[in-house]
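Data first, discussion second: the structure below is written as structure tokens.
Owing to the predicted nature of the structure, the values given are computational and were not obtained by experimental measurement.
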Amino acid sequence: MSYPDSENATAPLIAVIVLSLVVASSLSVYPLAHSMSMLRPMIMIMVLIFWLLFQPHYVGVFTAFTTGLIADLLMDTHLGQQAFAAVVVAFVIKIASIYVKQLSMVSAWAIASLGLIVFQLTMWMLQMFIQGIFIAQSALALLISIISWPLVLLVLCKFARQS
């Protein structure tokens, strides 16, 4: 689903990418009640995965690393944990994209689900090795993220087509 006129609209497309990541970061740190905060989807990673899938010429490993560092700073995790996990996800998405010739909504959902699972597993492993903790409640956020992926896909496809 790469858009043919994206070569002519480089600046607006990059502006949309940056703006969507800024909005996702704002939604990721928006204050919620403690009981509701466990249900918060991994919005920044979902937006990153969308751009990794649909604009691989503009969003890659460097963008994933930068987004992960920003997420580390915003969400008060150890510096580099989310950055490393985001880079691992970027590599998984790039490898999975090689094998998918035609990207439909279902295949995008499957690849995004794989990316979200890899992100969460990487975060769990890093937290176990570095901090000695395991946060099982993150599984609920992972499930909510996988379920809400089509909504992110529809919203961002709408904005990506306007640029």
Side-chain angles (χ1 to χ4, degrees), residues 1 3 6 9 11-56 58-93 96 103 105-106 108-124 126-127 131 133 135-163:
M1 256 206 239
Y3 305 109
S6 63
L13 180 61
I14 291 174
V16 167
I17 292 170
V18 169
L19 184 64
S20 67
L21 288 170
V22 168
V23 169
S25 67
S26 298
L27 291 173
S28 294
V29 296
Y30 189 79
L32 293 174
H34 182 66
S35 59
M36 292 298 295
S37 66
M38 291 184 229
L39 300 175
R40 181 192 316 258
M42 299 180 278
I43 299 170
M44 281 187 74
I45 298 303
M46 293 167 68
V47 171
L48 177 66
I49 289 172
F50 174 84
W51 292 118
L52 284 167
L53 282 171
F54 293 103
Q55 291 298 334
Y58 298 107
V59 178
V61 175
F62 179 75
T63 307
F65 180 75
T66 305
T67 302
L69 276 180
I70 292 169
D72 282 328
L73 294 171
L74 288 174
M75 295 177 203
D76 199 31
T77 55
H78 283 241
L79 191 62
Q81 283 184 346
Q82 291 195 41
F84 178 76
V87 168
V88 171
V89 168
F91 281 123
V92 167
I93 297 294
L103 197 59
M105 185 172 177
V106 174
W109 193 357
I111 293 172
S113 298
L114 174 68
L116 289 166
I117 291 168
V118 165
F119 179 81
Q120 191 58 58
L121 289 175
T122 305
M123 286 298 295
W124 277 335
L126 287 172
Q127 288 170 347
Q131 299 167 296
I133 61 171
I135 304 170
Q137 293 87 0
S138 302
L140 194 55
L142 173 64
L143 183 63
I144 296 293
S145 298
I146 291 172
I147 291 170
S148 62
W149 166 256
L151 178 64
V152 172
L153 181 68
L154 292 174
V155 168
L156 288 178
C157 276
K158 177 184 172 192
F159 288 116
R161 286 188 183 134
Q162 290 178 358
S163 58

Taking distance alone, no hydrogens or angles, what donor-acceptor pairs closer than 3.5 Å link side-chain atoms of residues 18-28 to residues at least two apart or in another chain?
from: Ser20; atom 1: OG; to: Val16; atom 2: O; distance (Å): 3.2
from: Ser20; atom 1: OG; to: Ile17; atom 2: O; distance (Å): 2.8
from: Ser20; atom 1: OG; to: Trp51; atom 2: NE1; distance (Å): 2.7
from: Ser25; atom 1: OG; to: Leu21; atom 2: O; distance (Å): 3.4
from: Ser25; atom 1: OG; to: Val22; atom 2: O; distance (Å): 2.7
from: Ser26; atom 1: OG; to: Val22; atom 2: O; distance (Å): 3.1
from: Ser28; atom 1: OG; to: Ala24; atom 2: O; distance (Å): 2.8

Cut-off 3.5 Å, no hydrogens considered: what does the side-chain donor-acceptor table look like for residues 115-122, sequence neighbours left out?
from: Thr122; atom 1: OG1; to: Val118; atom 2: O; distance (Å): 2.7

note = The side chain to side chain contact (heavy atoms under 4.5 Å, CB included) partners of Phe62 (sequence neighbours excluded) come to Thr66
key: Pairs involving residues 35-49, ordered by first then second residue, that meet side chain to side chain donor-acceptor pair (under 3.5 Å) (sequence neighbours left out)   = none
key: From CG (Leu114) to CH2 (Trp109), nearest 0.5 Å   = 15.0 Å
Return a table of donor-acceptor pairs under 3.5 angstrom between the side chains of residues 75-91 and protein atoms on other chains or two or more places apart.
from: Thr77; atom 1: OG1; to: Asp72; atom 2: OD1; distance (Å): 2.6
from: His78; atom 1: NE2; to: Gln131; atom 2: NE2; distance (Å): 2.9

Name the atoms and distances for all side-chain donor-acceptor pairs under 3.5 Å in residues 135-155, with sequence neighbours left out.
from: Ser138; atom 1: OG; to: Ile135; atom 2: O; distance (Å): 3.3
from: Ser145; atom 1: OG; to: Met42; atom 2: N; distance (Å): 2.8
from: Ser145; atom 1: OG; to: Ala141; atom 2: O; distance (Å): 2.8
from: Ser148; atom 1: OG; to: Ile144; atom 2: O; distance (Å): 2.8
from: Ser148; atom 1: OG; to: Ser145; atom 2: O; distance (Å): 3.4

note = side-chain contact (heavy atoms from CB on, under 4.5 Å) with Phe54: of Leu103, Ile49, Val59, only one passes, and it is Leu103
